[in-house]
Amino acid sequence: MNLLIKSAKIIDPNSPFNQQVVDVLIEKGVISQIAANIEADVDVIDAEGKFISPGFFDLNCNIGELGLETKEDLYTGTKAAAAGGFTGIALMPNTVPPVHSKAEIEYLLNRATKNLVDVYPLGAISYKREGKDLAEMYDMYLSGAKAFTDGNRPVQDAGLMERALLYAQGFDALVFSYPEDTAIAGKAKVNEGEVSTLLGMKGIPPLAEELMIARDLYLAEYTGSKIHFSTISTTRSVELIREAKRKGIEVTCDVAVHHLVLTDEALLGFDSLYKVKPPLRTRDDVNALLNGLKDGTIDAIVSQHTPHEVEFKDVEFEVAEFGIIGLQTTLSLALKTGLDINLIVEKLAISPRVILNIDIPVIAEGQAANLVLFDTEAGWDYTKNNNRSKSYNSPFIGQHLKGKVLLTLNNNHLYK
């Protein structure tokens, strides 16, 4: 695949051409030349006023395969990822069966070969994600698992989490914590606050998240292990992690992009498409999360892509499942926050790969072309027709969004 992209601005802190407007020639999937003006007998894309960065990487993606392919399979999931500018995704083990042995890791890796999107299955911390016994973490690591998590199930047993941290330390693997104390969260569906009172619904207090973060920070400090927190959502969570970083604890964290643009006020109409977990919080929490991204406390932005069949979402709010699809809208929502584009690229493309300790693509001559071309000013309508996911549970379908992915390129495959 040969392609010439003309007059694009490079956003890549690792590239010698960072912040420069240049032409980029790609031949057989490799960046062969970068210069102010290139002429070549290949397909040409006019990218004046547009940006090239390394392909995005999602640290929190749910795809139904194995066992839940009616929600999403690897084909539709990676199509949605490529449409959103992602060239790599980390798969949560929330499947049936869960990804808790090397058999599931190897199956997913084999299924995902020769794909535009690089797929990284995450292994479960506990057998069957039941939170009782450690899963076959080392076997999964040898088969290709880069990190371990029980996905959307918090590890309630502090002793099990301590053992997981210590065990992973032996082969330099990373443990993800989904921070929620289920004894405090209970069966509530929304954030505890003014909106939950207006809705007449029991709320999940921020304490449920913050208490688990405090616990796991103590465990990481005690064991000398590194830890990553998935989808933090409260002001105090940001403060706890900021202080832990100051103390030298090896901690990283991410935030779901919808928690940066939506508040719990979106739930006033009982629209189950806005039902996510952790729940949408308050405007003060949103501001704290944005500040955490700016000062480096929060390391990455994720889609938390969670597909569901219509019968699990188009029901009464109380019984609807948590989660929305988000791969195709992540860039547009991130731009909606007003964050600097250079920071957005860092949080979407660079830091996630640093966290997983995998190779970071570089926009430079001689490097494999792993990149996304996007326009921060272009508008687009997100519809059921251009939705590439198998599921449709997004509150943004039917909306006009700003910030468009024009093409995604990786492994000598092109999506546009």
Side-chain angles (χ1 to χ4, degrees), residues 1 3 5 8 43 45-47 49-53 55-58 60-65 69-89 112 115-119 256-258 260-262 266 271-274 276 301-314 323-337 341 344 348-349 371-411 413-416:
M1 191 276 301
L3 183 68
I5 303 173
D43 290 339
I45 292 179
D46 180 5
K50 302 168 181 61
F51 300 91
I52 288 179
S53 79
F56 304 149
F57 191 99
D58 190 10
N60 191 316
C61 183
N62 294 277
I63 288 180
E65 199 165 346
E69 288 86 354
T70 54
K71 297 180 184 292
E72 192 86 276
D73 56 41
L74 277 170
Y75 177 79
T76 59
T78 54
K79 282 292 184 184
F86 291 92
T87 58
I89 54 175
N115 199 312
L116 185 155
V117 179
D118 299 319
V119 172
V257 70
H258 45 265
L260 301 175
V261 296
L262 298 171
D271 187 344
S272 61
L273 290 175
Y274 291 99
V276 295
I301 297 172
V302 301
S303 75
Q304 203 185 16
H305 180 81
T306 307
H308 288 299
E309 303 93 333
V310 64
E311 59 265 29
F312 290 99
K313 292 296 281 187
D314 190 15
I324 64 176
I325 56 172
L327 286 167
Q328 285 180 249
T329 55
T330 298
L331 175 64
S332 294
L333 297 186
L335 290 169
K336 195 173 181 179
T337 65
I341 188 59
I344 290 173
L348 283 178
L371 54 85
V372 56
L373 174 69
F374 58 92
D375 188 338
T376 58
E377 298 300 320
W380 63 290
D381 294 318
Y382 186 31
T383 68
K384 286 191 174 183
N385 289 331
N386 60 24
N387 173 52
R388 296 293 172 254
S389 173
K390 188 178 286 189
S391 296
Y392 299 94
N393 55 304
S394 169
F396 302 105
I397 289 179
Q399 293 191 23
H400 183 77
L401 303 174
K402 186 177 180 181
K404 186 176 183 180
V405 172
L406 302 176
L407 67 83
T408 309
L409 177 62
N410 186 35
N411 296 329
H413 292 294
L414 174 68
Y415 181 93
K416 68 174 182 176

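Numbering starts at 1 and runs along the sequence shown.
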Subject >> Qualifying residues under side-chain hydrogen bond (donor to acceptor under 3.5 Å, both in side chains), relative to Thr383, sequence neighbours excluded >> reply: Asn386
**OP:** Could you check if a side-chain atom of Thr78 sits within less than 4.5 angstrom of a side-chain atom of Val119, using non-hydrogen atoms only?
**Re:** yes
**OP:** Can you see which heavy atom on His413 is nearest to which on Leu409, and at what distance?
**Re:** O-CD1, 3.1 Å
Subject >> Sub-4.5 Å side-chain heavy-atom contact between Val372 and Asn410 >> reply: no
**OP:** Identify, with sequence neighbours excluded, every residue that meets side-chain hydrogen bond (donor to acceptor under 3.5 Å, both in side chains) alongside Asp381.
**Re:** His400
Subject >> Side-chain donor or acceptor of Asp58 paired with backbone N/O of Ser303 under 3.5 Å >> reply: yes
Original post:
Which value, rounded to the nearest 0.5 Å, describes the distance between Leu406 atom CG and Leu373 atom CG?
Top reply: 4.5 Å
Original post:
Does some side-chain heavy atom of Leu327 sit less than 4.5 Å from a side-chain heavy atom of Ser389?
Top reply: no
Original post:
Would you find a donor on one side and an acceptor on the other, under 3.5 Å apart, between the side chain of Ser391 and the backbone of His308?
Top reply: yes
Original post:
What is the distance from atom CD1 of Ile325 to atom CG of Asn387, rounded to the nearest 0.5 Å?
Top reply: 4.0 Å
Original post:
For Tyr415, which residues count as a ring-ring contact (aromatic ring centres under 6.0 Å, His included) partner, sequence neighbours excluded?
Top reply: none
**OP:** Measure across Asn385 and Arg388 and return the closest heavy-atom pair with its distance rounded to 0.1 Å.
**Re:** O-NH1, 3.2 Å
Subject >> Note, Asn62 side chain near His305 side chain (heavy atom, < 4.5 Å) >> reply: no
Original post:
In Å, rounded to the nearest 0.5 Å, how long is the span from CG of Asp118 to CZ of Phe57?
Top reply: 8.0 Å
**OP:** Please collect all salt bridge (Lys or Arg N to Asp or Glu O under 4.0 Å) contacts where either partner lies in residues 397-406, sequence neighbours excluded, each pair once.
**Re:** Glu377-Lys402
Subject >> Side chains of Phe374 and Leu335 in contact at under 4.5 Å (non-hydrogen atoms) >> reply: no
Original post:
Restricting to pairs with a member in residues 71-80, which pass salt bridge (Lys or Arg N to Asp or Glu O under 4.0 Å), not counting sequence neighbours?
Top reply: Lys71-Glu309, Asp73-Lys390
**OP:** Can you tell me which residue pairs pass the side chain to side chain donor-acceptor pair (under 3.5 Å) test with a partner in residues 325-336, sequence neighbours excluded?
**Re:** Ser332-Trp380
**OP:** Indicate yes or no for a side-chain donor-acceptor contact from Asn115 to the backbone of Asn411 under 3.5 Å, with no hydrogens or angles considered.
**Re:** no
Original post:
Taking all non-hydrogen atoms of both residues, which atom of Ile324 and which atom of Leu273 are closest, and how far apart?
Top reply: CG2-O, 2.8 Å
